[in-house]
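Below is one structure, written out as C-alpha cells, with a few remarks after it.
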Amino acid sequence: MIKAMIFDLDGTIGNTLPLCIKAFRQTIEMFMKRSISDEEIIATFGPSEEGTIYSLIPQQYDEGLEKYLHYYKLFHNECPKAFEGIVEIIQDLKQKGIRIAMVTGKGKKSTDITLEQYEIGDLFEQVETGSITGSVKLAGMSAVLKNFEIKPEEAYYVGDAPTDITAARKAGVRMISAAWAETAEIEKLKKLKPDYIFATIHEFAKFCNTMPRISE
C-alpha cells in the first residue's frame, strides 16, 4: 500500500522552468555582458540555482544570487498559480491519509518564493531542497522515507525530469513521470520506463482517485 507521495516542484507543481530560465538570463547577461542561450543555462542544471550562478559567474556569486532571487520573485506573476487541478489532487491524497512531501532541486529561498506565491506551503509535511554542489534528490527522498518511517516501495515520487527516474530507482521509490508541462521531454521519460507516465493532470487525477484510503 502506498503511504506517501513525494513531489518535485518545477514542471510538476507549476510551470516554473521558463520562469527560472528568464530570471537566470536577466541575471547572468547583466554580469557576462553577452547574451546566453537556454542551452547554456540548462546545461548547468542539477545543482540548485546557487550552483548555476556559481558555475556561470563565480566572481559575482553573492550579487548574482541576490539579483536572481529578485528577478525570480518579480517575474513570478507570469506564473501566478500552480497547474490547474494539482492542488486539489494533493488535498484529496491527504484526505486519504497519504503523507505528502516535496523533494526539489531548487534552492530553499526560491522554493519558499514559489510555495508562498502558490499558497501551498502547508500542504507538504516535509520539504527537501537542492544543493549548490549537485543533485541531492536521492538523499532528499531517503530523508523523507526515514522521517516518515516507511519502506521505499510504500512511496511514489512524482517528477518531470529523466534524472528524477534515476534518483527514484536508486532510492527504491516507485516513479510517476509528470509529462504535463510544456517543458516535459516525454520520449526521454518513456525510454527510462517509469512505473507510470501521465501526459495530463486529468490522467494523474484519475490514477490518484483509485488509490485506497490509509486505515487508521
Side-chain angles (χ1 to χ4, degrees), residues 7-83 86 102-121 124 127-141 157-168 177-189 192:
F7 288 84
D8 180 33
L9 181 49
D10 292 328
T12 300
I13 299 294
N15 190 34
T16 44
L17 279 172
L19 167 63
C20 295
I21 291 172
K22 182 176 180 179
F24 276 129
R25 176 172 289 108
Q26 187 77 19
T27 302
I28 300 302
E29 291 183 353
M30 177 188 305
F31 292 99
M32 295 183 75
K33 308 298 184 184
R34 68 170 179 84
S35 61
I36 186 169
S37 68
D38 287 2
E39 290 73 23
E40 284 181 274
I41 295 170
I42 293 169
T44 67
F45 286 7
S48 62
E49 295 98 330
E50 290 88 345
T52 293
I53 297 294
Y54 188 78
S55 175
L56 294 172
I57 49 170
Q59 301 304 317
Q60 294 90 18
Y61 171 75
D62 290 333
E63 187 178 359
L65 180 59
E66 182 180 351
K67 289 291 185 184
Y68 170 80
L69 292 170
H70 166 75
Y71 287 121
Y72 184 77
K73 186 171 185 177
L74 180 67
F75 297 152
H76 219 307
N77 62 356
E78 298 177 14
C79 183
K81 296 181 180 180
F83 285 121
I86 196 72
M102 174 175 285
V103 172
T104 174
K106 294 174 77 67
K108 185 180 186 308
K109 290 181 180 179
S110 60
T111 296
D112 288 345
I113 289 170
T114 295
L115 293 179
E116 181 179 354
Q117 171 70 38
Y118 292 164
E119 299 181 343
I120 58 171
F124 302 95
V127 176
E128 297 287 331
T129 54
S131 168
I132 190 173
T133 60
S135 177
V136 290
K137 284 194 173 180
L138 171 58
M141 292 179 206
Y157 184 74
V158 186
D160 67 311
T163 51
D164 293 337
I165 302 173
T166 304
S177 283
W180 48 74
E182 62 187 37
T183 50
E185 298 177 295
I186 193 165
E187 293 306 318
K188 290 184 178 180
L189 296 173
L192 291 172

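For the single chain, residues carry numbers from 1 onward in sequence order.
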More than 12 heavy atoms from other groups under 6.0 Å of [atom1] on [X]:
X	atom1	answer
E119	CD	no
F45	CZ	yes
E29	CD	yes

Working to the nearest 0.5 angstrom, can you tell me the gap between [X] [atom1] and [Y] [atom2]?
X	Y	atom1	atom2	value
I57	M32	CD1	CE	8.5 Å
D38	R25	CG	CZ	4.5 Å
T16	I21	OG1	CD1	10.0 Å
K22	H76	NZ	NE2	12.5 Å
L19	D10	CG	CG	8.5 Å
S135	D164	OG	CG	8.0 Å

Is the shortest heavy-atom distance from the side chain of [X] to the side chain of [Y] under 4.5 Å?
X	Y	answer
E40	I28	no
T12	W180	yes
Q26	L74	no
K106	T114	yes

Do you know the tightest heavy-atom contact between [X] and [Y]?
X	Y	value
F83	A181	CZ-CB, 3.7 Å
E49	S110	OE2-OG, 2.6 Å
G107	S48	N-CB, 3.7 Å
N15	Y118	N-OH, 4.2 Å
A178	L189	O-CD1, 4.4 Å
K137	T104	CE-C, 4.0 Å

Side-chain donor/acceptor of [X] to backbone N/O of [Y], under 3.5 Å:
X	Y	value
E63	Q60	no
H70	K73	no
Y157	A167	no
E128	M141	no

**Asked** Which one of Y72, Y71, Y68 satisfies the ring-ring contact (aromatic ring centres under 6.0 Å, His included) criterion with F24?
**Response** Y68

